[in-house]
Amino acid sequence: MRLLFSSSPHPIPTLFRLARSHRPVCSSPPPPTWRSSNPMAILPKSSAAAVIPSEERLATRFWIKYRRESVLSLYSPFALCLASGSLKIETFRHYIAQDVHFLKAFAHAYELAEDCADDDDAKLAISELRKGILEELKMHNSFVQEWGSDCVNESPVNSATLKYTEFLLATASGKVEGLKAPGKLATPFEKTKIAAYTLGAMTPCMRLYAFLGKEFQRLLEPNEHNHPYKKWIENYSSESFQASALQTEDLLDKLSVPLTGEELNIIEKLYHQAMKLEIEFFYSQHLTQPTIAPLTKQHDPEQDHLMIFSDFDLTCTVVDSSAILAEIAIVTAPKPDQNQPASQIARMSSAELRNTWGLLSTQYTEEYEQCIESILPSEKVEFNYETLHKALEQLSDFEKRANSRVIESGVLKGLNLEDIKRAGQRLILQDGCISFFQKITKNKSLNANIHVLSYCWCGDLIRTAFSSGGVDVLNIHANEFNYEESISTGEIVWKVQSPIDKIQAFNDILQDCSNERKKLSVYIGDSVGDLLCLVKADIGIVIGSSSSLRKVGSQYGVSFVPLFPGLVKKQKEFGEGASPCIWKGQSGILYTASTWDDIHAFILGW
């Protein structure tokens, strides 16, 4: 049960779940999303530091828009091994060799851009950036000297490096779709466009390396002197390199000022293409060591059984499903002066429904907070699954009482199945959620099982939401409306309405699977109701920022570890000879992800 009312003159149902997550309430139609209007909010705090604060800047907008590509690079096997210090030196040598080829192309592209710029300040800025690249090449040469071998000449250019350098030099030479051939550029302004396009293709590389450098630096221990790639990390996290990345973005903004909307779109396409080529570059690095990511890389469908479990409301969705059902009830309710046919299920008016939902919501919010406080131990305790299970039995009793009040109130009577399905088709899901499930379900070779465990009152809403995104093969475990000729009677067939119901369903699913193959379970959730499943799964991933989940979990000894730092630590242990069976349920450790992009990158990779 999850409904709240906003305080606007024309409130719409929001959700009881807000009491659980302590997320701010929006106040006017369409239904609230609880996402910040600030696009910086979609980035993890650590990532935001590498992004220019102003939302108006071109480079900043592109960086935020294509965050997914930066995350895929961050979670690449190469980046994880480098950050952990476990990367084999042969792999790093090969990478340096490829990067030298790339940096030479980068320096040449700056030279061509400088020739095209018609402004002395822009020419000077590009010249300074080119000098920075030459200094970077010197650093790479110092690596080569330390090894006593010429790895650059020994390593031929691979296809990913070649694809990127050819793209970069073609752009800098004016070979851009929609642009005249270089020899036919009649005016200085037309040449300046080439400089802007070139910067559009180069800026994402600078920003990405600045981002990776900072992310890796945060994971270095204060007195860590033995990290073999500390010099590399310090270079890309240095103030001078961060300043170079910022200077590149400043220059892109300056050169883009006179451009038309169509020309700015070309820059965006170049920026995005460069980001995709960066991903390909990182994933092309040949590793001779096992890695923990992507998770499916170590998955053998002949011997292993990958089980993906997910909550639905506010894990997959932007708005809690109960808000949608409440809105349907109110919008389709008869007016006070409207006579209802005797053959139809009797319904309250919209005003009566709104008032009833408000009372139910207020009561739920108050009692939920009281229940959470009542189950908390006075002091933090060591993690013990049975102790946590016992505490959440009280929350389960509360949830069932609250659901009974909803049924007794009659607020769910008279909803049309077609209205519910239409709402499901329009239900907004979290960015990256559908693409994650699409990729898993389309990859038949994975032989993965996917289960959605949800408190949602109406399974039809879940099925329609996923099917409208082309995902039809999920196993949905939720409650179901009771219908008479496609009209809800107000009764619900209860299947999953509490934390205890969820963990029971979770356990039953695992038990029903064949014991002939080794199981690996992943659970993705966002609330206290998911806590037992999260800690029981081999890998529990928390998405979102529910304060009540962290409050309860922390008091019962659960540790919340940001996903990427957690993976780097695991990779380091893996590299030191840890057991291949490194994922174990009931460890008391949960991993936190800010978006589905992080989850996608970890589990599926690129």
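- Shown here is K269, whose NZ atom has no more than 12 heavy atoms of other residues, nucleotides or ligands within 6.0 Å.
- Using a 4.5 Å heavy-atom threshold, the side chains of V318 and L429 count as separate.
- A side-chain donor from one of R67 and T595 sits under 3.5 Å from a side-chain acceptor of the other.
- In this structure, Y209 has its ring center closer than 6.0 angstrom to the ring center of Y236.
- Residues F281 and Y164 keep their aromatic ring centres 6.0 Å or farther apart.
- Note: M202 CE to L251 CG = 10.0 Å, rounded to the nearest 0.5 Å.
- Within a 6.0 Å radius of NZ in K163, no more than 12 heavy atoms belonging to other residues, nucleotides or ligands are found.
- At a threshold of 4.0 Å, the pair D530-K502 counts as salt-bridged, since one of the basic side-chain nitrogens sits closer than that to a carboxylate oxygen.
- Considering E249, E278, E69 in turn, E249 is the only one that fulfils the salt bridge (Lys or Arg N to Asp or Glu O under 4.0 Å) rule with R207.
- No hydrogens or angles considered: a donor-acceptor pair under 3.5 Å links the side chains of N158 and T161.
- Using a 4.0 Å cut-off between charged side-chain N and carboxylate O, E268 and K65 make a salt bridge.
- Between D250 and R57 there is a salt bridge, since a side-chain N of the basic residue sits under 4.0 Å from a carboxylate O of the acidic one.
- With rounding to the nearest 0.5 angstrom, the CG atom of D538 is 5.0 Å from the CG atom of L520.
- The local environment of CG in D512 is crowded, with over 12 non-hydrogen atoms from other residues, nucleotides or ligands closer than 6.0 Å.
- In this structure, W596 and F437 have tilted ring planes: the angle between them lies in the 30° to 60° band.
- Judged as a salt bridge (charged side-chain N to carboxylate O under 4.0 Å, His left out), and not counting sequence neighbours, E90 has no contacts.
- For K519, the NZ atom is densely surrounded, since the number of other residues' heavy atoms within 6.0 Å is greater than 12.
- A side chain to side chain contact (heavy atoms under 4.5 Å, CB included) with I524 is found for one member of D311, L534, I599, I539 and no other, namely I599.
- Here the straight-line distance linking atom CG of D300 with atom NZ of K518 works out to 8.5 Å at 0.5 Å rounding.
- Ring geometry for F211 against W63 counts as perpendicular: the plane angle is over 60°, on a 0 to 90° scale with 30° as the lower cut.
- Note: K230 NZ to F216 CZ = 16.0 Å, rounded to the nearest 0.5 Å.
- The aromatic rings of W232 and Y95 lie perpendicular to each other, with more than 60° between the two planes, well past the 30° mark.
- Residues M275 and Y66 approach most closely at CE-O, 3.7 Å, considering heavy atoms.
- Put simply, the residue from V561, V542, V522, I543 that forms a side chain to side chain contact (heavy atoms under 4.5 Å, CB included) with Y591 is V561.
- Closest approach of P290 and Q571 over heavy atoms only: O-NE2, 3.3 Å.
- Aromatic ring pairs are classed by plane angle as parallel below 30°, tilted from 30° to 60° and perpendicular above 60°; the pair Y283 and W606 is tilted.
- Atom-to-atom distance recorded for R93:CZ and T91:OG1 is 10.5 Å, nearest 0.5 angstrom.
- Taken to the nearest 0.5 Å, the CD atom of E215 stands 11.5 Å off from the CD1 atom of I233.
- For K297, the salt bridge (charged side-chain N to carboxylate O under 4.0 Å, His left out) criterion is met by no residue, not counting sequence neighbours.
- Contact check for L453 versus F312: no side-chain heavy atoms found under the 4.5 Å cut-off.
- For H477 and H451, the ring centers are positioned less than 6.0 Å apart.
- Between the side chains of T315 and D526, at least one donor N or O sits under 3.5 Å from an acceptor N or O.
- Between Y229 and H227, the ring planes lie perpendicular to each other; the angle is over 60°, past the 30° to 60° tilted range.
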